[in-house]
Number of protein chains: 2
Amino acid sequence: MTARKPTIDDVARLSGVARATVSRVLNDGPNVSDRMRARVAEAVEALGYQVNLQARFLAGGANRTVLLICASDTENEPNSYYQSALEIGALRVSAQTGFELVTHTLAQGGGDVVRRILHLVDDSRCCGVILTPPFSDWTDLSSALVERDATTVRISPGDPASAGAAVGMDDEAAGYALARHLLDRGHRRFGFIQGLAEHLSAEQRFRGTRRALDEAGLDADALLAVRGNFTFRAGVELLPGLIAGANPPTAVVCANDDTAVGALFAAHRDGLDVPRDLSIASFDDTPVSALVWPPLTTVHQPIQEMASRAMRIIAAARTGKAAGTLPAHEYLPFSIVERHSVGAPSR
Amino acid sequence: MTARKPTIDDVARLSGVARATVSRVLNDGPNVSDRMRARVAEAVEALGYQVNLQARFLAGGANRTVLLICASDTENEPNSYYQSALEIGALRVSAQTGFELVTHTLAQGGGDVVRRILHLVDDSRCCGVILTPPFSDWTDLSSALVERDATTVRISPGDPASAGAAVGMDDEAAGYALARHLLDRGHRRFGFIQGLAEHLSAEQRFRGTRRALDEAGLDADALLAVRGNFTFRAGVELLPGLIAGANPPTAVVCANDDTAVGALFAAHRDGLDVPRDLSIASFDDTPVSALVWPPLTTVHQPIQEMASRAMRIIAAARTGKAAGTLPAHEYLPFSIVERHSVGAPSR
DNA sequence: CGCTGATTTGGAAGCGCTTCCAATCGGATG
DNA sequence: CATCCGATTGGAAGCGCTTCCAAATCAGCG
């Protein structure tokens with residue numbers, strides 16, 4: 001059907017040089033005269049030649065594939081905004097640096113997830129892996145990856161010190177800052193819908209909030225915590241219980257935006273006015289937080305930027321000089337985005 | 001660092017057979033005795049052997065990579081729920097059939113998008129491509145793909161007849177049905193926030209709505225249409241103008257959920273009660289439609305299922321018997337999901 | 001028991017590329 | 001002008017796999 005694609009030999013023939021020389025100019029190798037370079041470039045152009053990556057990798061050339069591993073909590077409710085932001089951020093850099101990004105989304109349940117991820121990595125013979133929560137907390141995984149010689153970057157790991165580079169933000173400080181924000185507006189009774197306990201970075205957010213309340217001299221039952229799982233549904237289902245008591249919280253903090261949107265939904269449904277009757281705040285600043293009414297006050301986390309950094313770390317590690325450098329730990333600043341879901345307590 | 005990965009020759013040596021035989025059992029080839037099969041399987045197991053896909057493809061083996069090409073309208077607001085649903089649907093089937101799915105998201109702007117997609121396809125030497133809107137409407141693209149021998153499936157194309165298989169739903173009928181739904185509840189004045197004109201399937205939805213109104217005997221100015229671009233922002237910005245007139249619509253239909261969520265946001269902001277003051281309905285039934293308050297009445301489109309079908313078509317075309325069959329056009333049923341954003345008109 | 005044809009197995013070529021190593025070239029040097 | 005060294009270039013091996021083709025094996029049959 002289609003004409004056979006031109007190979008490196010076609011280029012060599014047309015430009016009248018050896019195959020090895022063509023390979024050199026293709027890879028920006030040293031020791032090639034400008035004349036040769038020009039001749040080859042011309043032939044490449046004329047033929048519309050494109051290297052066959054399969055062949056290149058087989059022959060031991062530098063692999064430039066990077067895997068982005070994302071978790072989907074449930075089949076039907078992927079953490080999609082978070083994931084898209086990651087993807088966009090990584091994509092932007094990969095385009096610049098000539099690395100190819102491949103995203104894999106897997107359900108985080110099931111005992112063999114580690115095996116499957118490793119399989120994916122082996123299969124693709126990729127040179128780098130970006131791990132997102134909660135995979136970024138699986139130290140066995142990142143160790144195995146590093147051992148396989150894949151440059152590994154973990155996004156928002158709970159423990160930045162273990163194997164592989166890390167990019168994240170100071171989650172404890174973010175939790176603290178958000179609580180202060182609420183405290184400053186006069187709130188004294190709080191609810192908190194936590195995420196999954198395995199997500200260490202989310203737990204740190206909670207810890208920060210608790211610290212802020214402690215320092216403000218509030219006692220333990222000023223903070224009512226329930227365990228959710230980051231989903232919209234969790235917010236919907238858990239909010240009522242949180243505010244059912246005799247002396248309910250005037251502000252509830254959610255581990256992430258999706259949960260907050262769920263809480264907001266439940267509040268609306270139950271006839272509460274947000275923020276008059278109840279303030280709601282959360283973390284991440286994913287697009288959904290600006291989509292709902294009232295738009296959410298949330299801690300902005302530079303997700304795209306994190307992914308960009310991750311890509312950049314991999315690119316640097318795989319390109320010349322920086323290769324072999326010890327893994328980096330980068331911390332990006334967060335900020336509180338004030339929208340309309342937080343007000344002064346009415347009671 | 002890591003021990004070299006075992007190759008097919010290692011397996012051959014350990015099991016005491018020829019490399020060719022190993023290859024045969026690996027590929028479920030014919031003409032292999034059960035004894036051999038067992039011996040090889042054992043060696044594979046013992047060595048933890050995994051075929052090197054690069055090498056396999058190079059050697060001319062069947063390629064099993066499928067590309068899912070998605071559009072991101074703008075950098076910051078990817079159509080993420082839609083895309084995730086597609087991905088999940090395709091993923092499910094690819095896992096079953098042994099094909100590998102690779103998703104690529106590209107900004108749809110820029111004149112060279114076609115070239116970039118083609119480049120991606122050439123590069124990956126993939127065997128199949130799933131095109132999502134608006135790429136599914138680019139006939140030049142699908143023709144080029146088909147010519148390249150890639151099994152091409154278009155999701156929701158405006159014209160199912162052109163090159164490549166097609167999976168979608170009857171968008172015109174969906175538009176008609178949704179309008180009937182509104183008509184039945186007593187609405188007589190309508191607004192419609194359209195999507196981008198290039199998305200043919202979305203245009204058909206509009207056409208269906210118009211037909212329903214025509215058939216109901218309403219005249220042309222019973223339908224006020226404005227052009228949006230599928231985004232939340234479009235909904236926010238376009239709604240006010242739509243309902244500003246002396247005799248405003250009592251119901252507005254949006255080309256997709258994101259836009260409807262935006263319209264809902266604007267309505268809230270401007271102090272309107274939905275659905276008492278204004279009904280809002282849309283298309284797609286992406287998760288976000290159930291997240292907002294009030295949850296949206298929307299036309300459910302089986303997005304996951306569409307992607308699954310697309311994958312299945314590719315798998316069938318690339319596996320034995322069905323190979324070479326003429327492209328299929330599959331139409332999936334839609335349904336109206338009644339939630340709370342539609343009521344009877346108050347005026 | 002020898003022969004034919006079908007089935008199973010092994011050998012070897014080659015996919016398109018990188019890279020090592022040897023050959024060549026071009027001055028600068030004595 | 002002969003010599004030598006570094007910069008270029010070409011030749012060839014080989015990455016791990018599939019597949020064509022020939023060799024070997026096995027039944028079945030006269």
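The sequence lines fix the lettering, A, B, ..., with proteins before strands; numbering per chain opens at 1.
- For B/Leu58 and D/dT19, the CG to C1' distance is 14 Å, given to the nearest whole Å.
- At a threshold of 4.0 angstrom between heavy atoms, the contacts of A/Thr7 are confined to the sugar-phosphate backbone, with no base atom among them.
- Summarising the geometry, the separation between CZ on A/Arg64 and P on C/dT18 is reported as 12 Å, rounded to the nearest angstrom.
- A salt bridge links A/Arg309 with A/Glu330; the closest basic N to acidic carboxylate O contact falls under 4.0 Å.
- As rounded to whole Å, 13 Å separates atom P of C/dT19 from atom CG of A/Asp28.
- The side chain of B/Ile8 approaches D/dG16 more closely than any other nucleotide in the set D/dC15, D/dG10, D/dG16.
- The side chain of B/Thr21 places no N or O atom within less than 4.0 Å of a non-bridging phosphate oxygen (OP1 or OP2) of C/dT8.
- Of the listed residues (B/Leu67, B/Thr65, B/Thr152, B/Leu141), just one forms a side chain to side chain contact (heavy atoms under 4.5 Å, CB included) with B/Val121, and that residue is B/Leu67.
- No donor-acceptor contact under 3.5 angstrom links the side chains of B/Arg56 and A/Gln54, judged on distance only.
- Whole-Å rounding puts the B/Arg35 CZ to C/dT8 P distance at 12 Å.
- To the nearest angstrom, C1' of C/dG16 lies 6 Å from CG of A/Asn52.
- For B/Ala18 and A/Asp9, each mapped to the nucleotide of DNA chain C holding its nearest heavy atom, the one lying further toward the 5' end belongs to B/Ala18.
- The CD-C1' distance, from B/Gln54 to D/dG14, rounds to 16 Å in whole Å.
- Taking the ring axis of B/Phe57 as reference, the NZ or CZ atom of B/Arg125 does not stay both within 45° of it and closer than 6.0 Å to the ring centre.
- Closest to the side chain of B/Ala59, out of D/dT18, D/dA12, D/dG14, is D/dT18.
- Listed pair A/Asn31 / D/dT8 meets the phosphate criterion, a side-chain N or O lying under 4.0 Å from OP1 or OP2.
- In this structure, B/Leu14 and B/Tyr49 have side chains that are not in contact, with every pair of non-hydrogen atoms separated by 4.5 Å or more.
- Taking only side-chain nitrogens and oxygens, B/Asn27 comes nearer than 4.0 Å to OP1 or OP2 of D/dT18.
- Look at A/Ser33 and you'll find a side-chain N or O under 4.0 angstrom from OP1 or OP2 of D/dT9.
- Distance CZ (B/Arg13) to P (C/dG10): 14 Å, rounded to an integer number of Å.
- Note: CG (B/Leu47) to P (D/dG16) measures 13 Å, nearest angstrom.
- The listed nucleotides are C/dT18, D/dT18, C/dG16; the one nearest the side chain of A/Tyr49 is C/dG16.
- Ranking D/dT9, D/dC15, D/dG10 by closeness to the A/Ala20 side chain, first place goes to D/dG10.
- Across the interface with DNA chain D, nearest-nucleotide mapping of B/Arg24 and B/Val51 shows B/Val51 to be the residue nearer the 5′ end.
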